[in-house]
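Note that the coordinates shown come from a computational prediction; the quantities given were computed from them, not determined experimentally. Counting starts at 1 for both ligands and their atoms, following the listed order.
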Amino acid sequence: MSRTVTIAAAQLGPIRRAENRASVVKRLIALMREARSMGADVVAYPEAALTAFFPHWWTEDEAEVDAWFEREMPGADTLPLFDEARRLGIGFHLGYCELDQSAGRKRRFNSAVLVGSDGAIIGKYRKIHLPGHAEHRPETPFQNLEKRYFEVGDLGFGAWRAYGGVAGMMICNDWRWPEAYRVLGLQGVEMVFCGYNTPVHHPAAPDHDRLGQFHNELCMQSGAYQNSTWVIGVAKAGVEEGVDMIGGSAIIAPTGEIVARCSSNDDELIVARCDLDLGRSYRETTFDFAKHRRVEHYRMIVERTGAIEPADEAPVRRKQGAR
Ligand code: CDV
């Protein structure tokens with residue numbers, strides 16, 4: 001029996017700083033309806049998809065910071081998205097900023113959830129690789145204050161039974177790190193969802209600017225190929241409050257080939273029929289991890305140099321009741 005899942009990537013154009021959640025959720029629902037009408041089983045949205053990308057601005061006002069975050073998922077503003085998914089029978093992946101109080105103190109994360117076609121949350125991920133800086137840099141045209149506004153995610157790189165296969169998540173800067181893909185690959189992941197907000201300009205290294213789109217595709221294509229998985233990269237694109245962000249949302253096959261790519265810097269949908277068995281011929285030959293990886297040698301190098309940490313090889317978390 002063939003295992004195909006039709007996946008849509010819903011790129012977003014800029015979100016205005018003053019745009020409220022209701023307006024953004026309307027945009028997300030319009031894209032979800034379009035995705036369903038094109039036969040999609042699941043639609044993926046970008047990183048921090050509910051607001052403008054506020055880590056580009058410095059503020060010391062706690063209340064102003066908190067206003068960018070969701071205290072619950074779904075909450076009153078996002079419930080219509082969950083209801084519409086259930087009504088249409090479509091799953092989704094959503095990046096958002098999470099304010100968590102469960103540890104007895106306020107914690108803020110850059111998070112994402114996988115939601116089933118029944119509207120139930122299947123899994124949650126909290127971004128691990130937080131780029132940028134924590135201190136105020138008023139001399140730059142915009143800032144990358146993720147280290148100020150978020151804590152490092154504490155949930156690891158999980159994988160879940162979802163959408164007829166095994167799905168994992170990472171968020172933006174994570175995709176530049178092969179370890180992130182490999183920890184998912186070790187869990188047999190077949191689809192990796194990754195939302196991003198990537199500015200064209202890199203204030204700390206402007207000579208990288210011309211390569212932004214190339215690095216984007218380089219990371220997604222090598223991550224897909226080396227781990228025999230589909231990768232769904234979804235951008236927030238266009239000029240958002242003066243910050244020009246790359247688009248180029250794409251769906252990449254386990255062959256490493258891009259099978260669909262956005263062409264605008266606005267709200268735009270791309271759809272691909274993804275054969276989840278396509279990765280098998282790579283997983284069982286070139287990238288048969290059990291046969292060909294040389295973990296003992298990697299460990300030896302790690303122990304000798306102390307340069308890097310060995311990867312976490314946690315087993316896949318199987319969610320009861322998930323497809
Ligand atoms: N949102 C991100 O993680 N953005 C980073 C930028 C700041 C370099 C990225 O890796 O695309």
Side-chain angles (χ1 to χ4, degrees), residues 9-15 17 44-58 65 68-70 93-98 108-112 125-153 155 157 168-181 184 192-223 231-250 252 261-262 265:
Q11 176 174 284
L12 290 177
I15 297 177
R17 190 169 182 158
Y45 300 109
E47 171 188 32
L50 298 169
T51 62
F53 200 67
F54 61 89
H56 292 155
W57 312 304
W58 173 268
V65 177
W68 299 111
F69 286 77
E70 313 305 310
H93 162 268
L94 177 73
Y96 67 104
C97 300
E98 178 194 5
R108 300 190 185 106
F109 297 102
N110 188 341
S111 300
Y125 169 68
R126 290 170 169 164
K127 185 174 181 177
I128 289 173
H129 297 99
L130 299 174
H133 48 94
E135 75 289 356
H136 194 17
R137 293 190 184 167
E139 70 284 2
T140 57
F142 62 90
Q143 310 197 34
N144 284 319
L145 289 160
E146 288 197 53
K147 282 189 164 60
R148 170 173 172 81
Y149 295 133
F150 303 120
E151 289 185 28
V152 173
L155 302 177
F157 289 101
M169 292 181 273
M170 57 176 70
I171 300 178
C172 198
N173 193 264
D174 288 323
W175 70 8
R176 299 187 193 274
W177 303 93
E179 300 92 318
Y181 286 104
L184 291 175
V192 174
F193 293 91
C194 180
Y196 60 100
N197 283 263
T198 299
V200 171
H201 179 49
H202 193 325
D207 50 320
H208 301 182
D209 292 1
R210 71 182 179 86
L211 298 168
Q213 205 54 268
F214 165 67
H215 287 156
N216 171 22
E217 291 178 0
L218 180 70
C219 294
M220 290 197 289
Q221 290 182 261
S222 51
V231 170
I232 301 93
V234 199
K236 169 101 73 59
V239 182
E240 185 181 82
E241 300 293 340
V243 181
D244 193 5
M245 306 221 273
I246 67 168
S249 301
I252 296 103
R261 184 200 273 118
C262 281
N265 273 342

Is it the side chain, the backbone, both or neither of Asn144 that has a heavy atom closer than 4.0 Å to ligand 1?
side chain

Mark the output for Pro131 as yes if a heavy-atom distance to ligand 1 is under 4.0 Å, and as no if none is.
yes

Scanning both residues in full, the closest heavy-atom pair of Ala235 with Pro46 reads O-CG, 3.3 Å

How far is atom 2 (C) of ligand 1 from its nearest protein heavy atom, and which residue and atom is that?
Cys172 SG, 2.9 Å

Gln143 and side-chain hydrogen bond (donor to acceptor under 3.5 Å, both in side chains): which partner among Arg148, Arg137, His136?
His136

Correct closest heavy-atom pair for Asp174 and Ala180 would be O-CB, 3.5 Å

Option whose closest heavy atom lies nearest to atom 4 (N) of ligand 1, chosen from Leu130, Asn197, Ile246:
Asn197

Does the side chain to side chain contact (heavy atoms under 4.5 Å, CB included) test come out yes or no for Asn110 and Arg126, once each step is laid out?
CA-CA 6 Å; Asn110 188 341; Arg126 290 170 169 164; over 6 Å; no

What is the nearest protein non-hydrogen atom to atom 6 (C) of ligand 1, stated with its residue, atom name and distance?
Pro199 CD, 4.1 Å

Taking a cutoff of less than 4.0 Å between a non-hydrogen atom of the residue and any ligand atom, is Phe53 in contact with ligand 1?
yes

Kindly assign one of parallel, tilted or perpendicular to the pair His129 and Trp177, based on the angle between their ring planes and the thresholds 30° and 60°.
parallel

Can you name the nearest heavy-atom pair linking Gly247 to Ala237, along with the distance?
CA-CB, 3.5 Å

Is the Tyr125 ring parallel, tilted or perpendicular to the Phe157 ring (thresholds 30°, 60°)?
parallel

Is Met245 touching ligand 1 with its side chain, its backbone, both, or neither, if touching means heavy atoms under 4.0 Å apart?
neither

Is the shortest distance from a heavy atom of His129 to ligand 1 less than 4.0 Å?
no

Numbering the atoms of ligand 1 from 1, which are under 4.0 Å from a heavy atom of Glu146?
1 (N), 2 (C), 3 (O)

Would you mind listing which atoms of ligand 1 come within a distance below 4.0 Å of any non-hydrogen atom of Glu47?
1 (N)

Mark the output for His202 as yes if a heavy-atom distance to ligand 1 is under 4.0 Å, and as no if none is.
no

Minimum-distance protein heavy atom relative to atom 9 (C) of ligand 1:
Arg176 NH2, 3.4 Å

Which word best sums up how the rings of His201 and Phe142 line up, parallel for under 30°, tilted for 30 to 60°, or perpendicular for over 60°?
perpendicular

To the nearest 0.1 Å, how far is atom 3 (O) of ligand 1 from its closest protein heavy atom, and which atom is that?
Lys127 NZ, 2.7 Å

Protein contact of atom 11 (O) of ligand 1 - nearest heavy atom, named by residue and atom, plus distance
Thr198 OG1, 2.7 Å

Could you go through the side chain to side chain contact (heavy atoms under 4.5 Å, CB included) check for His202 and His215 one step at a time?
CA-CA 13 Å; His202 193 325; His215 287 156; over 6 Å; no

